[in-house]
Amino acid sequence: MLITQIKDKEAIASAIKGKIFIINCHGCKEVHFPETQAKEIEKEWCDEGIVTGILTTDYICNPENLALRLEKHRAEIEEADTVLVLSCGVGVQTVAEYLGNKRVCAACDTYPLPGGQGVTPLEYDCDQCGECWLNLTGGICPITACSKSLVNGQCGGSKNGKCEVDPDMECGWERIYRRLAQLGRLDVLKTPVHIHNFATDLEVGKE
């Protein structure tokens, strides 16, 4: 099981650009989602007049269902400069892969919660590691896409785009580089290195 927590306003504001389309995933029964806070942030952005549309749904981690739902909002998504996703890390990665040429940003951090996880057709992994870095890596998780879970760049051991640990696995950081290049955001890689916050669920909500 897992829980999601809304990032602080400054963190979200630094990630988004221009007009935004909001995807609000209420999550499955195994996920604790801050619905009240999500509505508040939606209203705030709407009042600022930068929201092109809002999709409130569930199970955006299911690529086939997600594709059908997003097609109904294609015009609103095209009008937006950023798609802001309020969900766990899996949902953000699913949206980012589907909208490969669109800036997709995570509005939440994801934390573990003891218990079992339901069976969901997941295409992507979320390590529930606390501070979500998807906004810095083009919607590709460096924790799960890299066999060494490196958060500050590749190790230098990859060969022909493949991981040195698992030759059948694409180097996660080469994937991140290609995605950022596609988005015209390679400048993100110049972001100063900082220590990743691996806070546990016991620390969620503490000031």
Side-chain angles (χ1 to χ4, degrees), residues 2-27 31-52 54-56 60-61 80-97 99 102-113 124-145 149-153 173 176 179-180 183-207:
L2 55 86
I3 59 177
T4 52
Q5 175 175 286
I6 304 289
K7 290 178 177 288
D8 60 53
K9 181 180 178 180
E10 291 73 21
I12 298 175
S14 67
I16 64 175
K17 174 184 178 182
K19 293 185 177 181
I20 61 175
F21 179 83
I22 298 175
I23 299 177
N24 182 348
C25 180
H26 280 188
V31 179
H32 169 74
F33 184 75
E35 293 185 27
T36 300
Q37 288 179 284
K39 291 179 180 178
E40 290 174 354
I41 199 170
E42 286 177 4
K43 183 178 184 304
E44 184 174 343
W45 298 125
C46 285
D47 289 345
E48 292 187 16
I50 62 172
V51 177
T52 64
I54 299 174
L55 168 62
T56 299
I60 64 172
C61 53
D81 301 292
T82 304
V83 175
L84 184 65
V85 184
L86 291 90
S87 78
C88 70
V90 175
V92 180
Q93 291 177 78
T94 308
V95 174
E97 179 67 21
L99 302 176
K102 182 68 68 172
R103 186 188 186 104
V104 175
C105 293
C108 302
D109 292 322
T110 308
Y111 301 83
L113 186 68
Y124 307 96
D125 293 325
C126 174
D127 210 37
Q128 306 168 23
C129 61
E131 180 185 15
C132 185
W133 273 32
L134 291 172
N135 293 341
L136 297 174
T137 54
I140 297 173
C141 177
I143 302 293
T144 58
S149 297
L150 300 180
V151 294
N152 295 313
W173 274 97
I176 289 169
R179 175 67 61 77
L180 291 176
L183 296 172
R185 298 187 62 205
L186 287 177
D187 59 299
V188 174
L189 296 178
K190 297 179 181 179
T191 303
V193 173
H194 72 274
I195 298 174
H196 187 276
N197 180 8
F198 285 96
T200 67
D201 58 296
L202 296 178
E203 294 159 302
V204 173
K206 288 187 178 181
E207 297 295 332

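The basis for the numbers below is simple: all heavy atoms, side chains too, and nothing from hydrogens, waters or symmetry mates.
Between Arg185 atom CZ and Arg103 atom CZ the span is 3.5 Å, to the nearest 0.5 Å. Atoms SG and CG, from Cys132 and Asp109 in turn, are 6.5 Å apart once rounded to the nearest 0.5 Å. Here the straight-line distance linking atom CD1 of Ile23 with atom CG of Leu84 works out to 9.0 Å at 0.5 Å rounding. Atom CD of Glu42 and atom OG1 of Thr56 lie 5.0 Å apart (nearest 0.5 Å). Here Ile54 contributes atom CD1 and Lys43 contributes atom NZ; the two are 11.5 Å apart, rounded to the nearest 0.5 Å. To the nearest 0.5 Å, atoms CG (Leu136) and CD (Glu131) are separated by 8.0 Å.
Side chain of Lys102 to main chain of Ala80: a donor-acceptor pair is present (N/O by atom type, distance under 3.5 Å, no hydrogens or angles). With hydrogens and angles disregarded, no donor-acceptor distance shorter than 3.5 Å links the side chain of Thr82 to the backbone of Ile20.
In this structure, Glu40 and Ile6 have side chains that are not in contact, with every pair of non-hydrogen atoms separated by 4.5 Å or more. Between Phe21 and Val51, every side-chain heavy-atom pair lies at or beyond the 4.5 Å cut-off. At least one side-chain heavy atom of Glu97 sits less than 4.5 Å from a side-chain heavy atom of Arg179. Proximity of Thr94 to Ile60: side-chain heavy atoms (C-beta onward) are nowhere separated by under 4.5 Å. Looking at heavy atoms from C-beta onward, Ile16 lies in side-chain contact with Trp45 at the 4.5 angstrom threshold. Looking at Val85 and Cys25, their side chains never come closer than 4.5 Å, going by heavy atoms from C-beta outward. Considering only heavy atoms from C-beta on, Leu180 comes within 4.5 Å of Leu189 through its side chain.
In this structure, Asn24 and Ala38 approach most closely via the heavy-atom pair ND2-CB, 3.6 Å. The nearest pair of heavy atoms linking Ser87 to Gly91 is OG-CA, 3.5 Å. For the pair Leu134 and Gly89, the tightest heavy-atom approach, listed with the atom from each and the gap, is CD1-O, 3.7 Å. Between Leu86 and Ala107 the shortest heavy-atom distance is CG-CB, 3.8 Å. For the residue pair Ala96 and Val104, the shortest heavy atom distance occurs at CA-CG2, 3.8 Å. Heavy-atom minimum distance, Thr110 versus Cys88: OG1-CA, 3.5 Å.
Here the rule is side-chain contact (heavy atoms from CB on, under 4.5 Å) with Pro142, and of Asp127, Leu150, Ile176 only Ile176 fits it.
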**Prompt:** Cys141 and Gln93: side-chain contact (heavy atoms from CB on, under 4.5 Å), yes or no, with the steps?
**Reply:** CA-CA 8 Å; Cys141 177; Gln93 291 177 78; 3.6 Å; yes
**Request:** Could you check Ile143 against Trp133 for side-chain contact (heavy atoms from CB on, under 4.5 Å), going step by step and ending with a plain yes or no?
**Result:** CA-CA 9 Å; Ile143 302 293; Trp133 273 32; over 6 Å; no
**Asked** Can you list the steps and then say if Ile12 with Ile41 is a side-chain contact (heavy atoms from CB on, under 4.5 Å)?
**Response** CA-CA 10 Å; Ile12 298 175; Ile41 199 170; 3.3 Å; yes
**Item:** Chi angles and distances behind the side-chain contact (heavy atoms from CB on, under 4.5 Å) call for Tyr111, Thr4
**Value:** CA-CA 6 Å; Tyr111 301 83; Thr4 52; over 6 Å; no
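At most 12 non-hydrogen atoms from other residues, nucleotides or ligands lie less than 6.0 angstrom from NZ of Lys19.
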